Amino acid sequence: MYSCGEFGKGTIDLGGLEVYEALYFKKIWETHSGGPKGLGVSFYEPTSIPVGFNVIGHYCKPNSMAMLTSVLTAKDTTHDPSHGALKSPIDYTLIWTSKGLNVSQRQDGYIWLPVPPDGYKAIGHIVTTSPEKPSLDKVRCVRSDFTDLTKVDRWIWGHKMQSGLSMVDLHTTKPKTRALSVPTGMFLARNGSNTHELVCLKMVKTDPYSAMPNSLQIRTMINAYAPWVYFHPDEQYFPSSVLWFFEHGAELHQRDQPPRLVINDGDNLPNNGTADDAFLDLPQDQPSKERLQKGFLADAVAYIHVKPALGGTCTDLAIWLYYPFNGGERFQLGPHTINLGKIGEHVSDWEHITLRVENFHGTLHGVYLSQHAKGNWFTPSEFELMNGTRPVVYASLHGHAHYSTPTSFIHTPENLDSSVIRMLYDEFQMMNDSRKSSFVKKDSVVGFGVRDDTAKSKNLMDIASTYNVVCVDYMKLGIEPWLDYTGRWGPKITYDIIKDVTDLANTLPDNVKEVIIKVLQQLPPKLHGEEGPQGPKMKESWTGDEPV
């Protein structure tokens, strides 16, 4: 990949501390029981690192997961012999050992916590297969002003005996703040009596964007990693460009003013108000309204926001898709899929996919898929890849949530507790067993919640061939007027959900109707009404991290 500045050169200067992302590892110790899927966990030491760089901690992963090369090593560039960025620990504390435990191992393992000198912090643990303390030269601690606070994230592995002795829990960590914090890929090990914390690194360089890509590199990344988005065969509401929406009759509504058409690329949209000061709507005449609802895939544009991530060590390419209309929801009730009619319909839908590219080597590190106001991060290996690097993404029927596989997904309401779910399953099981109704049958999809369906069709969007980079945080670019629009992209809609769903229930057999009435009060609050969404720049993820 074309390189300029520090982007793609393998190392990044944090401002006195240079970091290198390790590419090779040596396995130290492993166990084959416990953890996710019961397959155990393995521990690794970074190897083949450049001269002058030092290990700042070891890496571990569940054996059920693929190897991730996101572990940092560090080099002191302060040229300060007495108070440099790195120092050896003064001792080690034994956090846990597997000696004498039944954890399906070939040899004993030991997890150590470096004890840092005053003014320095431990970044990661050291793992050995010997009861002797590791060499003090094995790892480096980092000067406090190069570090930032972390919080516990995903559970990796743990062991606990009935007596409570020999307890340990391993977690990944993530920064408490986003802007300048740099994750290191280390793990946190805690036992029952030790609640220590580890830290991450921090970008302190005057120019925190020195490793960010230039315009040519951004285009190269988009061409290399931009996804293909497939729409469901039954999809009726497709994306369009924002300008197509404006040009074909979109109306601006403001308080105490008559509706009026949007001018040009949003020149007359308010940009200094609140979300509720204005909203956009479809035109009132039915033919124009129906035309806009359908969108126009041939004219659709992916709007890309380029921003620094993880202290300038990664680049996020947030790819925004605009839909003039969002279709009605479907609800899975046990083995039955219930079409909720107009419930869930609303004007305008903004969905996005974020590509996270690490700036060390310019490779794709993760993909974020938006799904109903939140979303999830995925590794590239979890996708079908076109041309070896471009993920295939599926937009769900009517709702346009993004997924990595073509199948059905059920979003169980958070307020639907386990006892209610058990009651519902029991109800349907009894109906199946009693054979009272031929309507009740086993299905490949069984669950309780909003249902999303995805599948391949002839309708797809090649993001690499139809995009517009609308904002690069660290470059001076002209902002599209509609990006600064502070109002909503659709009117507020309220549904009489009790009446609508009761009407639906009345069309079903009596035994099914009783069950659907029981679950009415548990439906997600969003199904009771919709507020028109705000545009991409008004969402928290524009300046903050992605919601999961």
Side-chain angles (χ1 to χ4, degrees), residues 1-23 46 49-57 69-87 116 119-124 140-150 173-186 198-218 221 305-317 356-363 365-366 471-477 542-545:
M1 182 174 288
Y2 175 79
S3 179
C4 180
E6 293 181 46
F7 179 82
K9 291 195 171 180
T11 65
I12 295 175
D13 183 9
L14 302 183
L17 185 69
E18 193 173 2
V19 289
Y20 170 82
E21 188 178 57
L23 299 176
I49 58 179
V51 175
F53 285 82
N54 301 271
V55 170
I56 53 177
T69 56
S70 57
V71 179
L72 299 187
T73 60
K75 177 182 179 181
D76 187 350
T77 58
T78 62
H79 308 294
D80 185 342
S82 60
H83 194 57
L86 300 174
K87 278 191 177 181
Y120 290 76
K121 299 285 188 181
I123 300 292
R140 294 292 185 271
C141 301
V142 178
R143 204 171 73 193
S144 297
D145 56 327
F146 285 102
T147 68
D148 219 340
L149 299 176
T150 64
T173 63
K174 62 181 180 181
K176 285 188 176 180
T177 59
R178 179 183 185 272
L180 297 176
S181 299
V182 179
T184 59
M186 308 303 166
L198 294 175
V199 295
C200 62
L201 300 179
K202 182 169 66 173
M203 170 67 78
V204 299
K205 195 174 182 180
T206 304
D207 176 15
Y209 305 130
S210 61
M212 297 299 295
N214 60 29
S215 296
L216 178 57
Q217 292 163 346
I218 290 170
M221 287 192 295
H305 172 210
V306 183
K307 55 183 178 176
L310 309 184
T313 61
C314 289
T315 300
D316 277 2
L317 303 173
R356 178 160 290 174
V357 179
E358 50 87 1
N359 294 341
F360 294 96
H361 308 99
T363 56
H365 180 71
C471 181
V472 180
D473 281 2
Y474 51 93
M475 293 183 186
K476 292 183 178 180
L477 292 177
W542 186 270
T543 55
D545 209 351

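Only a predicted model underlies this, so the values are computations on that prediction, with no experimental measurement involved. What you see below is based on every heavy atom in this structure, not just the backbone, and it leaves out hydrogens, waters and symmetry mates.
- When the side chain to side chain contact (heavy atoms under 4.5 Å, CB included) test is applied to His83, the partners found at least two apart in sequence or on another chain are Asp80, Tyr120, Arg143.
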Worked verdict on Tyr474 versus Val306 for side chain to side chain contact (heavy atoms under 4.5 Å, CB included): CA-CA 9 Å; Tyr474 51 93; Val306 183; 3.9 Å; yes

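- For the side chain to side chain contact (heavy atoms under 4.5 Å, CB included) test, residues two or more places apart in sequence or in another chain that qualify with Val199 are Lys121, Ile123, Thr147.
- For the pair Val357/His365, no side-chain contact is recorded, criterion being any heavy-atom separation below 4.5 Å from C-beta on.
- Considering all non-hydrogen atoms of both residues, Pro46 and Gly57 come closest at CD-O, 4.0 Å.
- In this structure Thr315 satisfies the side chain to side chain donor-acceptor pair (under 3.5 Å) test together with Asn359, sequence neighbours excluded.
- Looking at heavy atoms from C-beta onward, Lys87 lies out of side-chain contact with Pro116 at the 4.5 angstrom threshold.
- Listed by chain and residue number, Asp76 satisfy the side chain to side chain donor-acceptor pair (under 3.5 Å) test with Thr78 (two or more places apart in sequence, or in another chain).
- In this structure, the separation between CE on Met203 and CG on Asp148 is 12.5 Å, given to the nearest 0.5 Å.
- Minimum heavy-atom separation, Ile56 to Ala74: CG2-CB, 4.0 Å.
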Glu358/Thr363 under side chain to side chain donor-acceptor pair (under 3.5 Å): CA gap, chis, key distance, verdict: CA-CA 6 Å; Glu358 50 87 1; Thr363 56; 2.3 Å; yes

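- For Val19 against Phe360, the heavy-atom pair with the smallest separation is O-CE2, 3.4 Å.
- A heavy-atom distance below 4.5 Å is found between the side chains of Asp13 and Thr77.
- Partners of Lys307 under the side chain to side chain contact (heavy atoms under 4.5 Å, CB included) rule, at least two apart in sequence or in another chain, are Arg178, His305, Asp316, Asp473, Glu546.
- Annotation: side chain to side chain contact (heavy atoms under 4.5 Å, CB included) contacts of Pro175 (sequence neighbours excluded): Ser181, Pro183, Cys200.
- Note that CG of Leu310 is 11.0 Å distant from OG1 of Thr184, once rounded to the nearest 0.5 Å.
- Under the side chain to side chain donor-acceptor pair (under 3.5 Å) criterion, Lys205 pairs with Glu6, Ser210, not counting sequence neighbours.
- Nearest heavy-atom pair, Ile49 versus Phe53, reported as atom, atom and distance to 0.1 Å: CD1-O, 3.5 Å.
- The distance from atom CE of Met212 to atom CD of Gln217, rounded to the nearest 0.5 Å, is 10.0 Å.
- A distance of 13.5 Å separates CG in Leu14 from NZ in Lys75, rounded to the nearest 0.5 Å.
- In this structure, Ala85 and Leu17 approach most closely via the heavy-atom pair CB-CD1, 3.8 Å.
- Atom-to-atom distance recorded for Glu18:CD and Thr11:OG1 is 4.0 Å, nearest 0.5 angstrom.
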Evaluation steps, side chain to side chain contact (heavy atoms under 4.5 Å, CB included), between Thr150 and Lys174: CA-CA 5 Å; Thr150 64; Lys174 62 181 180 181; over 6 Å; no

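- Shortest non-hydrogen contact noted between Asp545 and Arg356 is OD1-NH2, 3.5 Å.
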Criterion side chain to side chain contact (heavy atoms under 4.5 Å, CB included) on Lys202 and Val182, from CA distance to verdict: CA-CA 5 Å; Lys202 182 169 66 173; Val182 179; 5.8 Å; no

Leu86/Val142 under side chain to side chain contact (heavy atoms under 4.5 Å, CB included): CA gap, chis, key distance, verdict: CA-CA 5 Å; Leu86 300 174; Val142 178; 3.7 Å; yes

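- To the nearest 0.5 Å, atom CG of residue Leu201 and atom CZ of residue Phe146 are 9.5 Å apart.
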